[in-house]
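Here the structure comes first, spelled out in structure tokens, and everything after it is commentary.
All of these numbers come straight from a predicted model, not from anything done at the bench. Naming convention: chains lettered A, B, ... in sequence-line order (proteins, then strands); numbering from 1 in each chain.
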Amino acid sequence: MKQTEISSERNSSTDAQNLEPWTNPTVVGKPLPRVDGYERVSGSAIYPADLILPDMLHAAILRCPHPHAIVKNLNTEAARKSPGVRAIVSSADPEGKLVIPYPWWVPEGPPVLLFDQHCRYQGEEVAALAADTPYQAYDALRLMKVEYEELSHLLHAQDALKPGQPLLHNTGNLVRRPDTYQRGDLAKGFGEADVLVEETYETSCEIHATVETHVAVARWEGEQLTVWVPTQAIYEEQKSLAATLRLPVSSVRVISQYVGGSFGCKAELSKHTLIAALLARKTRRPVKLALSREESFLCAGNRPPNVMCLKAGAKKDGSLTALEFTNLGAVGAYADWADAAGWAAGSYACPNIRTQDTEVYINAGKARAFRGPGAAQSAWALEQMIDMLADKIGMDPVEFRLKNVPATHPRTGEPYTSIELRECLLKGAEAFGWTKARVARASSSDPVKRGVGVASCRWITEGGPPTTVIVTLFPDGSATLNMAAADQGTGTKTIMAMVVAEELGIPLQKIHVEHADTGTTQYGKSGGGSHSVMVYAPAVRAAAADVKRQLLEIAAGELKRPAIELSLKDGKIVPVREPGQPKNLSELKDLTRREQIAGIGHPPPEPKGRLIASFGAQFAEVEVNVHTGEIRVIRLLACHDSGRVMNPLTHESQIFGGMVMGIGFALTEQRVLDDHQTGRMVNANWHDYKIPTAKDVPFDQLCLTIDPKDAECNSAGAKGVGEIGTVPTAPAIANAVYHATGIRVTQAPISPMQMLALLAARREAR
Amino acid sequence: MTRNVAITVNGTERRASVEPRLLLVHFLRENAGLTGTHIGCETSLCGACTVLMDGRAVKSCTVLAVQADGRQVTTVEGLASGDQLHPIQEGFWEEHGLQCGFCTPGMIMCSHDLLGHNSNPSDGEIREALNGNICRCTGYQNIVAAVKNAARKMSKPIAARAGAR
């Protein structure tokens, strides 16, 4: 009877779903080191590339060396006879025609065939094989003979819709109907403006360049497929694999134990994963397929390049009157997103706006979501535009931004659960010493010019269901947290363990967090879009609260006092009011009999009529050497409103990492395609594609926060931080370069060569 | 064609018959089963595979296994004594000098080399020493802090360190 009561109560566990954010947390909010730190510093963390399964084979992929070609003939005979080779798959096999589904956030696109004889990007998969050793696999690849018919290629978005250009798909080169947004009256807005500015901005294609390349290990047990991949999205990959292989979803298990960085590039099914599964099925042996660095540069995702034309007007008092933002983005050879303009419509309070995003195909590897996708490119243009307007009316750029901070979401009019953008700008400027730094300039004879710049940012986040989390408590006071959130390096596991510790009052060391695994963890949203904390912290808290409620029920029965008079502290049952002997959980006979208590949690629905967004402002100080064109970022300061900071260590690390990625975006990172001849990427390696090293980043970096005490966003009061940290950095640097030199650099990255050319052009113009 | 090698890895001699082209990093990962040494680029650009050879940091993707014949190699797995992590490993953990952890073993081994000849490096010296190791996650700030943390610990006598824990 009692059991029935408990379970009926559990079904209506509304208490756990309607928790208020903690007012005085003892674990959450503390700078605690990672719960999986030991594994990561000791070398014992097993990334998918580290798996060594009995009888395992190693696979490698033959890729098209041309940006656009037809495979006329493929001869695999010599490769088949090469030592150690066990299986080959190519377009000659029925599996070669398998179609890989697009992830849910890309609603449609031309079919992606596993081995398409019409190769649309350099690195497109032509065939693959599995051999006993990786060396044998690569030896055999060289024996494959392919006859290509090279086609003329299309490399630039600006050319894609012109007549006479190669067509990538029979539907043409346009990805989707251009997305247009409009509010107010643009002509009226421009008419009301005291100043108008017009400018075209460009961003370069940036590669995620995670230190771990993409890897898949596949093993079949009968009709049951298990795949180990580093991924942010085990359930997305499971669903796509099952659909492609026409298997029941339950026959595919995807495990993501450790992820060596992702930033968006490991969140959808990749061809190499399917290839590993096919070769494993053919050979009935486990297969590992690890991409090389070059492969990961060519065909594992990127931030698409954008060309953005802006026109904006403002009054002398600093209020924005109108903004027109037209963006053209190149998604690569298959459908994805390359938007930027639409973001700008939600940034500032501006009554008259028109934005248009047009996306086209080019002969290059497909884009994937990349940290602050769209928002980072949009900010490069908009945040420089804001500076130009401020400059033109002689207003301080911080003051100009403060003038235009929106009260509600400018597109929908919906209020935010919290918005501290104003405070971020003010506190950041104060701590940076903005006003003083703005005035101080290097003497004119010094070739090294100093300048400071600012940019602000916003990232809309979304929590809510569907997601299921289970917390299991054992009589010895230890607990297991079962959730589908992979930890791609952000610290999700640590933060969620802290939520369990907060709620159950047990030490962090006694909480074990399961790896994301569709075979053992329940359905959960993928970790992306800065929503891991938004989705999982409320779910984990609800599950832990469910455990606590059940535990106190048991204790109440045994101690013969109402559950409401009992609480859980340091892993013991203690009376709330009058002093009494704490009771160890192991002394609770009912608990010992049950062996464990399992609590189930879901994230409550999103608040109605409210939007949730993180905000921030970043400040940069640069030195520009006008003799060499070199730019050094010597100081970065971030002030962010991400809601509650769950763990200052992980939060700060997200911001530092985001800002350093922004330095790369602003100054060095660029996919270079050989325009005139081959159309191939000429810098598909870490020597020629420059990402910042420890020497390229400022010693002086500071991360400040504003906690809005947001009680509406969710039961953790947190809004997420992963994406936003990289969004404003590059334009803040560009604005600082303008402050230092008086030169507006519109094209990212600001290489020394570009800087020198612009300096030379100015000298000549004078 | 294979060659016999005898490489002492973390104090244990490992004999094997290897292809002359076999990279040390593949020997360590495939033959010795020590997967803490990661592969990021196989072209000596990222430093994820950094190990110590006769005490000095080398990128094991640019050393052939046959070149390591007769040498002493230390990988990240060889730093701890039993359950007691090396102070550099503790430093990376305590200071949050990591996110995804993939570059971490290489960073730790490279820091080991640095602290072996400079017990109290400045920020600039740390950044110079780690210049060949790429991290895409952390922005390097806390990695520098981790090396300083380790330098502080290593300058104290071992007994004092144990007491402090």
Side-chain angles (χ1 to χ4, degrees), chain A residues 31 33-34 36-47 49-52 133-135 208-213 230 258-263 290 292-294 487-491 649-650 652-661 663 685-687 691-697 699 701 725, chain B residues 19 21-22 26 29-30 33-43 45-48 75-80 85-86 88-106 108 123-124 126-144:
Chain A
R34 300 277 289 253
D36 49 3
Y38 179 88
E39 290 82 342
R40 295 185 200 248
V41 300
S42 63
S44 58
I46 304 292
Y47 296 81
D50 302 333
L51 276 178
I52 301 171
T133 73
Y135 285 70
H208 298 74
T210 57
V211 182
E212 175 202 49
T213 61
Y258 290 94
V259 185
S262 180
F263 316 111
S292 68
R293 180 54 50 193
E294 187 183 5
D487 190 330
Q488 60 261 35
T490 51
L649 279 180
T650 57
E652 177 188 79
S653 192
Q654 283 301 308
I655 296 294
F656 288 158
M659 291 199 295
V660 165
M661 213 169 237
I663 294 176
N685 62 73
W686 267 332
H687 185 271
I691 74 174
T693 72
K695 274 181 79 181
D696 303 318
V697 306
F699 291 20
Q701 292 184 46
Chain B
E19 282 188 75
R21 63 175 173 170
L22 184 75
H26 293 141
R29 290 173 56 84
E30 312 275 335
L34 295 167
T35 56
T37 303
H38 298 150
I39 297 174
C41 66
E42 293 182 303
T43 47
L45 294 167
C46 77
T75 70
V76 70
E77 291 94 338
L79 289 185
L85 289 174
H86 189 280
I88 302 176
Q89 293 172 305
E90 288 181 340
F92 273 76
W93 190 357
E94 288 166 9
E95 300 286 344
H96 204 270
L98 58 88
Q99 275 189 31
C100 80
F102 202 79
C103 74
T104 310
I108 288 173
D123 273 27
I126 295 169
R127 288 174 188 273
E128 181 71 42
L130 297 179
N131 191 33
N133 290 63
I134 284 175
C135 170
R136 191 57 157 166
C137 298
T138 64
Y140 304 101
Q141 287 305 89
N142 293 340
I143 289 177
V144 175

Heavy-atom proximity to chain B below 4.5 Å, by part of [X]:
X	value
Glu212(A)	both
Ile52(A)	side chain
Val41(A)	both
Tyr38(A)	both
Gln654(A)	both
Ser42(A)	both

Gln701(A) CD to Tyr140(B) OH distance, which is reported to the nearest 0.5 Å =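 Gln701(A) atom CD to Tyr140(B) atom OH measures 11.5 Å (nearest 0.5 Å).
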From Leu130(B) CG over to Cys103(B) SG, what is the distance, rounded to the nearest 0.5 angstrom?
->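 The SG atom of Cys103(B) is 9.5 Å from CG of Leu130(B), to the nearest 0.5 Å.
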Donor-acceptor under 3.5 Å (Arg293(A) side chain, Gly40(B) main chain) |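 Yes: the side chain of Arg293(A) pairs with the backbone of Gly40(B).
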What part of Asn131(B) gets closer than 4.5 Å to chain A, counting heavy atoms only: side chain, backbone, both or neither?
->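 Contact with chain A involves both backbone and side-chain atoms of Asn131(B).
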By ring-ring contact (aromatic ring centres under 6.0 Å, His included), which residues pair with Phe92(B), not counting sequence neighbours?
->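 Here no residue qualifies.
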Sequence-distant partners of Glu30(B), side-chain hydrogen bond (donor to acceptor under 3.5 Å, both in side chains), two or more places apart =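 If we apply the side-chain hydrogen bond (donor to acceptor under 3.5 Å, both in side chains) test to Glu30(B), skipping adjacent residues, there are no hits.
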